[in-house]
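Written below as structure tokens is the structure these notes are about.
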Amino acid sequence: MRLLRTSQLPVSCTNAEVWAVAAEKWMCFVNPGEMGTGNDLYDVVIVGARCAGASLGMLLAQRGYAVEMVDRNAAGSDTVSTHWIRWPGVQQLRAWGLLPALEKTGCPPIVSASLDFEGHVLAGGPMAAGTEAATYAPRRTALDALLVAEARAKGARLRERFAVTGLLVADGQVTGVRGTGPDGPAGLRARVVVGADGRNSTVARLVKSPVVEDRGVLARSLYGYWSGVAERGVRVVFRGRRGISLWPTNDGLTVVSLVFPPEEAPTPGRSALAEFYVSALREVPEVERALAGADLVSQPQAAAVRNARRQAYGPGWVLAGDAGHHKDPVSAQGISDAFADAEVLADALDAALSGSAGLDEALAGYAAARDAQRLDTFNYTCEQAELRPFGAEFLDDLAQTAADEQAVAAFVNTFVGCDAPSDASWLGESH
């Protein structure tokens with residue numbers, strides 16, 4: 001791995017004057033006991049090493065940059081997740097050469113989809129460019145560990161169980177982070193700090209990134225893992241104001257999620273959550289049949305996600321993935337969006353760190369690209385998370401669609417993301 005020192009920065013380095021000041025003033029912000037890296041300077045410190053952070057670390061490290069990732073958890077620890085990687089995200093993994101490694105984790109390819117709207121069923125095998133379009137719904141224990149391993153193989157470093165407690169700042173510019181881990185406190189200097197630490201981002205809080213839009217919590221969800229489910233495709237069932245999804249995942253398990261309005265939330269407590277979850281699944285005959293003979297092997301996990309987006313960047317810092325833009329899991333966009341952020345941000349940081357563009361200019365371009373990719377999907381997701389009952393006109397249209405083989409194929413393809421990779425509006429006019 002290549003480490004930079006301020007004396008080694010090229011004359012063309014963006015913000016060189018800021019870094020000269022930072023080098024002189026750094027001791028004002030770090031106690032002597034926190035100097036875990038001496039005078040070393042990283043190109044980028046990434047806070048959070050999951051889908052967005054580990055992918056970004058991989059992309060930057062393979063271009064030769066000195067990358068230090070930190071995460072408050074151990075690599076490959078579990079986290080609340082929608083699991084599903086829609087077709088655009090699968091294509092990103094393919095471009096990175098990681099699909100074979102993902103399949104080796106035991107995550108099965110999903111090659112069929114059944115979509116049930118109040119008894120109107122559209123089913124088929126998604127296709128892209130005339131070939132079978134397989135998607136995946138991996139456990140995060142497998143996916144995140146894979147991404148971290150690849151980032152490390154490319155030269156990025158990771159400090160596990162490292163909690164960021166503050167920022168290093170010089171003349172209003174973020175110049176690093178400070179925190180503590182198994183080896184004690186440390187200050188890590190960097191030319192850019194990336195917050196990829198989820199929707200409750202510490203970096204976003206510390207830099208006081210403004211929330212530019214907040215539509216609140218519109219739905220709640222519960223999910224659990226089941227063994228013995230025979231069906232190996234994805235099944236989605238909408239009844240009333242509830243949605244149920246089944247996705248095959250690692251270890252022969254199926255993750256079954258339930259989305260419902262906030263006012264239906266059960267009373268707190270593990271037993272109440274499990275009782276509500278199982279009861280809601282059994283109320284739908286089609287779901288009960290799909291789970292016949294299957295066993296719930298985990299305590300249901302709960303999620304209530306605000307639909308909100310933050311300002312993407314500021315002096316010396318930038319946000320990626322859920323840290324800057326998060327929305328309800330009903331549209332299952334999170335993992336694919338994280339990969340897209342990593343790809344666009346890697347290009348922007350490469351331009352800035354190489355000196356071919358100013359840092360502010362590069363990050364502004366990333367922010368514009370992020371918003372252009374996300375706003376339609378954000379609006380769509382918020383609409384769907386309201387879980388309004390389907391109208392008669394939409395259901396009539398579905399009946400007509402179900403009678404047309406090509407229309408069904410197009411519907412399934414758009415649901416998976418093959419025909420509309422930047423937009424999940426397959427249901428945009430339904431409510």
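Of the possible polar contacts, one joining the N379 side chain to the L375 backbone as a donor-acceptor pair under 3.5 Å is found. At distances below 3.5 Å, not a single donor-acceptor pair connects side-chain atoms of Q384 with backbone N or O atoms of S331. Not a single donor-acceptor pair under 3.5 Å links the side chain of R215 to the backbone N or O of A308. Formation of a donor-acceptor pair under 3.5 Å by the R157 side chain with backbone atoms of E68 is not found in this model. When atom types are taken as modelled, the side chain of N307 and the backbone of D328 share a donor-acceptor pair closer than 3.5 angstrom. A donor-acceptor pair is defined here as one N or O able to donate and one able to accept, closer than 3.5 Å; no such pair exists between the side chain of D43 and the backbone of V67. One N or O on the side chain of E118 and one on the backbone of G240 form a donor-acceptor pair closer than 3.5 Å. Distance alone, capped at 3.5 Å, is enough to place a donor-acceptor pair between the S209 side chain and the Q311 backbone. Within the 3.5 Å criterion, the main-chain N or O of N73 finds no donor-acceptor partner in the side chain of S77. In this structure a side-chain-to-backbone donor-acceptor pair under 3.5 Å is missing from S114 to R235.
Atom CZ in R159 sits 7.5 Å away from atom CG in D183 (nearest 0.5 Å). Interatomic distance, CZ of F162 versus CE of M69, reported as 13.5 Å (0.5 Å rounding). Within the model, atoms CG of L246 and CG of L281 stand 8.0 Å from one another, a figure rounded to the nearest 0.5 Å. For the atom pair L99 CG and I85 CD1, the distance stands at 8.0 Å (nearest 0.5 Å). Atom CH2 of residue W96 and atom CG of residue L59 lie 5.5 Å apart, to the nearest 0.5 angstrom. Remark: Q301 CD to L222 CG distance equals 9.0 Å, nearest 0.5 Å.
Side-chain contact check for T105 versus L146: some heavy-atom pair is nearer than 4.5 Å. Under the 4.5 Å side-chain criterion, counting only non-hydrogen atoms from C-beta, W87 is not in contact with N413. For the pair C51 and D144, the minimum side-chain heavy-atom distance is below 4.5 Å. Between V408 and D404, every side-chain heavy-atom pair lies at or beyond the 4.5 Å cut-off. Annotation: side chain of I335 is in contact with side chain of L143 (closest heavy-atom distance under 4.5 Å). The shortest distance between side-chain heavy atoms of L147 and F339 falls below 4.5 Å. You'll find the side chain of S221 stays beyond 4.5 Å of the side chain of L258, heavy atoms only. Between L353 and V44 there is a side-chain heavy-atom pair separated by less than 4.5 Å.
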Item to complete: Would you sort out whether R239 and E286 count as a salt bridge (charged side-chain N to carboxylate O under 4.0 Å, His left out), showing the intermediate values?
Response: CA-CA 11 Å; R239 293 291 184 273; E286 294 82 358; 3.2 Å; yes
Worksheet item: Checking salt bridge (charged side-chain N to carboxylate O under 4.0 Å, His left out) for the pair R242/E283: CA distance, chi angles, key distance, verdict?
Response: CA-CA 11 Å; R242 294 179 180 175; E283 287 176 9; 3.2 Å; yes
Worksheet entry | Verdict with supporting geometry, L158 and R152, side chain to side chain contact (heavy atoms under 4.5 Å, CB included) | CA-CA 7 Å; L158 171 65; R152 282 172 155 167; 3.7 Å; yes
Item to complete: Could you please spell out the steps behind the ring pair (Phe, Tyr, Trp, His ring centres under 6.0 Å) verdict for F260 and F276?
Response: CA-CA 11 Å; F260 54 93; F276 173 81; 4.9 Å; yes
Item to complete: Test side chain to side chain contact (heavy atoms under 4.5 Å, CB included) on F411 and L115 and set out the steps.
Response: CA-CA 9 Å; F411 196 98; L115 313 173; 3.7 Å; yes
Discussion item. Does R306 form a salt bridge (charged side-chain N to carboxylate O under 4.0 Å, His left out) with D214? I'd like the steps, not just the answer.
Written reply: CA-CA 7 Å; R306 286 171 58 205; D214 187 351; 2.4 Å; yes
Worksheet item: Going through the distances and angles, do L206 and V164 end up as a side chain to side chain contact (heavy atoms under 4.5 Å, CB included)?
Response: CA-CA 10 Å; L206 290 174; V164 171; 4.1 Å; yes
Discussion item. Please determine whether side chain to side chain contact (heavy atoms under 4.5 Å, CB included) holds for the pair D71 and V47, giving the CA-CA distance in whole Å, both sets of side-chain angles, and the decisive distance to 0.1 Å.
Written reply: CA-CA 6 Å; D71 199 292; V47 181; over 6 Å; no
Practice prompt. Evaluate the salt bridge (charged side-chain N to carboxylate O under 4.0 Å, His left out) criterion for residues R241 and E263: first the C-alpha distance (whole Å), next the side-chain angles of each, then the deciding distance (0.1 Å), finally the verdict.
Written response: CA-CA 11 Å; R241 297 191 66 199; E263 59 268 23; 2.8 Å; yes
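A donor and an acceptor atom, one from each side chain of R140 and S81, are located under 3.5 Å apart. Looking at W317 and Q173, their side chains never bring a donor and an acceptor atom within 3.5 Å of each other. W84 and T135 are linked by a side-chain donor-acceptor pair at a separation below 3.5 angstrom, with hydrogens and angles left out of the test.
Salt-bridge formation is not detected for the pair D197/R205: no Lys NZ or Arg NE/NH1/NH2 atom is positioned less than 4.0 Å from an Asp or Glu carboxylate oxygen. With respect to the salt-bridge test (charged N to carboxylate O, under 4.0 angstrom), the residues D337 and R374 qualify. Ion pairing of R72 with E160 is absent here, as no side-chain N (NZ or NE/NH1/NH2) approaches a carboxylate O to less than 4.0 Å.
Here the closest non-hydrogen pair linking V259 and A219 is CG1-CB, 4.0 Å. For A196 against I46, the heavy-atom pair with the smallest separation is CB-CG2, 4.2 Å. Closest non-hydrogen pair, Y366 versus A312, comes out as CE2-CB, 4.3 Å. Among all heavy-atom pairs drawn from I110 and V234, the shortest one is CG2-N, 3.7 Å. When all heavy atoms are compared, the tightest approach of V45 to R189 is CG2-O, 4.3 Å. Of all heavy-atom pairs spanning L387 and P261, the tightest one is CD1-N, 3.6 Å.
Other residues, nucleotides and ligands contribute only 12 or fewer heavy atoms inside 6.0 Å of the CD atom of Q406. The 12-atom threshold is exceeded at CZ of R232, counting heavy atoms of other residues, nucleotides or ligands nearer than 6.0 Å. At most 12 heavy atoms of other shown residues, nucleotides or ligands fall within 6.0 angstrom of atom CD in E275. Counting non-hydrogen atoms of neighbouring residues, nucleotides and ligands closer than 6.0 angstrom, the CZ atom of R161 reaches no more than 12 such neighbours.
The aromatic rings of F394 and F390 sit parallel to each other, their planes meeting at less than 30°, with 60° as the upper class boundary.
The cationic atom of R139 (NZ for Lys, CZ for Arg) lies less than 6.0 Å from the six-membered ring centre of Y225 and within 45° of the ring axis.
For the ring pair (Phe, Tyr, Trp, His ring centres under 6.0 Å) criterion with H83, the lone passing option out of Y136, Y223, W247 is Y223.
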